[in-house]
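The structure under discussion appears below in the form of structure tokens.
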Amino acid sequence: MEAVAQYATWYNVAYLITGILFILGLKYMSSPKTARFGNRLSMAGMVVALVATFAQGVVQWPVIIGGLVVGAAVGIYFGKAVKMTAMPQMVAIFNGCGGGAASLVAMGELMKVLATTNGNPLPIDFTFTTMLTAVIGALSFSGSIIAFLKLQELMTGRPITYPGQQIVNALVLLGILVASFFVISNGPNVLLHFGIALILALVLGVLFVLPIGGADMPVVISLLNSFTGLAAASTGFVLNNNVLIIAGALVGASGTLLTLLMGKAMNRSVTNVLFGAFGSVQASSAAASGASSAEVRSVTAEDTAALLAYATQVIIVPGYGMAVAQAQHSIRELEDLLEKRGVEVKYAIHPVAGRMPGHMNVLLAEANVPYTSLYDMDDINPEFERTTVALVVGANDVTNPAARTDKTSPIYGMPILDVDKAENVIVLKRSMKSGFAGIDNPLYENPKTAMLFGDAKKSIDAVNNALKQL
């Protein structure tokens, strides 16, 4: 018995070390300067957890090794093959896999325990945590799949709504609760009711994400990530595994906090994001046709280069257009060329720019843009009034002044980057088509705004070449 106690103490201490390393990893990842070190700490924590788990002989070694090889191969391949523009989609699909795995573990554990009870009732704590794991994991799985399809533009990014949608969602949720009650209370046909609850949870995940517009995808991804964390923590209770409880709780708490912070950055509550169908308003006929009837002023790369060359301060506003065109390296070259001419260059980062939290920061870090050049919205907005040129690279919705003035706009009240207060504004876009939220941007009709049409990377490269000739 003493040996067993010592053994149990040993692997629980290992799990405690894992938890500490995870917490420290999150702390260090809060700053780009220390993010790599934080990532390595988290990796070390996972290694400790794996070794401690292997030593317990939970499953056979061939199964463990096979899972490690397949999982590592898939992770390495997608980590190298997936472009930075598709990183939000990859985050969504991997997050969904985590939720799906939690549901499968819950189902397998329930079936295993049922086979050994000989008809005796199951403990309430076991049935409750099993149902919680299965339902949250399934919801996260199917919801993440829909988020992936929207981000990949395999389905429309606009909210998909229909009459009585909330009533349907409420009925599905009621069905989940009723089926779960029969499982938790050891009612008849436990496996049947478990399957019903699991299927309804998958349906609810789909219904949950369908009415959410593309502009809210960063918030949704963060929320679904927190769901997967909660599912993992609940799985820890099902398996009596402390490291799963710790890791899942960390993911759930951090994801929830990030969701709330992003909602605050958009001046919208999480309930408004989830049930407001942002972007469901009818777009103007111009937007629907992909062009605007308003008069806009266009410029050439040479005109843009001349204006930038004699500026005192330039603020670059990156958006999803930069990600699509992979223009971050060209923008870094533009920054170097301008700074050699004595122009001060800064980057304005909106909290929800792109398709996932921190999307623009990741892309600019890839191009070795100094972190000190990146400014949050609250810090950079006062600078626009003293700025010669605001260079907007595909950031549509986060620069839309309708958020300040148009009470009928779905983004009314959302804090934006005050690019329209700069002396000159140059917007890089492929066309006058509306952004991912599906609404027009009156910034483009502003007399001080000029449009540089075309692929962002090609346009910036042309500007760089023109600058070199001046």
Side-chain angles (χ1 to χ4, degrees), residues 15 46 49-50 53 56 58-60 63-64 67 70-71 92-146 172-209 223-253 255-256:
Y15 286 161
M46 183 56 70
L50 288 173
T53 303
Q56 297 175 59
V58 178
V59 293
Q60 297 178 351
V63 176
I64 293 177
V70 173
I93 201 73
F94 278 9
N95 181 69
C97 289
S103 289
L104 290 175
V105 169
M107 181 172 63
E109 196 67 13
L110 178 64
M111 294 174 67
K112 184 181 75 173
V113 173
L114 280 174
T116 60
T117 57
N118 297 319
N120 295 321
L122 302 175
I124 297 297
D125 58 343
F126 172 77
T127 54
F128 178 79
T129 53
T130 299
M131 284 309 308
L132 193 65
T133 300
V135 169
I136 297 178
L139 190 152
S140 177
F141 173 75
S142 58
S144 296
I145 295 300
I146 298 301
V172 173
L173 178 59
L174 179 62
I176 293 172
L177 294 175
V178 170
S180 299
F181 172 77
F182 281 109
V183 176
I184 295 171
S185 62
N186 285 278
N189 300 317
V190 169
L191 275 180
L192 174 62
H193 287 106
F194 179 88
I196 292 173
L198 195 64
I199 293 172
L200 289 177
L202 290 170
V203 173
L204 185 60
V206 173
L207 299 178
F208 174 72
V209 179
L223 184 61
L224 290 172
N225 187 57
S226 70
F227 285 175
T228 299
L230 293 175
S234 185
T235 305
F237 286 104
V238 172
L239 300 177
N240 194 26
N241 186 296
N242 291 333
V243 75
L244 275 175
I245 297 173
I246 295 171
L250 285 173
V251 174
T256 300

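Numbers here are sequence positions counted from 1.
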| query | Going through the distances and angles, do I93 and I145 end up as a side chain to side chain contact (heavy atoms under 4.5 Å, CB included)? | reply | CA-CA 6 Å; I93 201 73; I145 295 300; 3.3 Å; yes
| side chain to side chain contact (heavy atoms under 4.5 Å, CB included) between I136 and S234: does it pass, once the steps are laid out? | CA-CA 9 Å; I136 297 178; S234 185; 5.9 Å; no
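Listed here is the closest heavy atom pair of G236 and L244: CA-CB, 3.6 Å. The two residues Y15 and I246 make their nearest non-hydrogen contact at O-CD1, 4.0 Å. Nearest approach of N95 to S144, heavy atoms of both residues: ND2-OG, 3.1 Å. Scanning all heavy atoms of the two residues, the minimum distance from A138 to L198 falls at CB-CD1, 3.8 Å. Closest approach of N225 to V251, counting heavy atoms only: O-CG1, 3.5 Å. Considering all non-hydrogen atoms of both residues, G175 and L200 come closest at C-CD1, 3.6 Å.
Separation of atoms CG (N241) and OG1 (T235) is listed at 9.5 Å; rounding is to 0.5 Å. Considering OG of S142 and CD1 of I199, their distance stands at 12.0 Å, rounded to 0.5 Å. Here CG of L173 is found 11.0 Å from CG of L207. Values are rounded to the nearest 0.5 Å. One finds the CG atom of L114 at 11.0 Å from the CG atom of N120 (value rounded to the nearest 0.5 Å). Distance check: F141 CZ to C97 SG gives 7.0 Å after rounding to the nearest 0.5 Å. Interatomic distance, L177 CG to I184 CD1, rounded to the nearest 0.5 Å: 9.0 Å.
No hydrogens or angles considered: a donor-acceptor pair under 3.5 Å links the side chains of T228 and S140.
At least one side-chain heavy atom of F182 sits less than 4.5 Å from a side-chain heavy atom of P188. The side-chain heavy atoms of L122 and V183, taken from C-beta on, include no pair separated by under 4.5 Å. Within the 4.5 Å cutoff, side-chain heavy atoms of F208 are placed close to those of F227. Between L204 and I176 there is a side-chain heavy-atom pair separated by less than 4.5 Å. Annotation: side chain of S103 is not in contact with side chain of T133 (no heavy-atom distance under 4.5 Å). No side-chain heavy atom of D125 sits less than 4.5 Å from a side-chain heavy atom of T129.
Around CZ of F128, the count of heavy atoms belonging to other residues, nucleotides or ligands within 6.0 Å does not exceed 12. When the shell of 6.0 Å around CG of N240 is examined, it contains 12 or fewer heavy atoms from other residues, nucleotides or ligands.
Residues passing the side-chain hydrogen bond (donor to acceptor under 3.5 Å, both in side chains) test with T130: none are found, sequence neighbours excluded.
Residue pairs that meet the salt bridge (Lys or Arg N to Asp or Glu O under 4.0 Å) test with at least one member in residues 102-121, sequence neighbours left out, are E109-K112.
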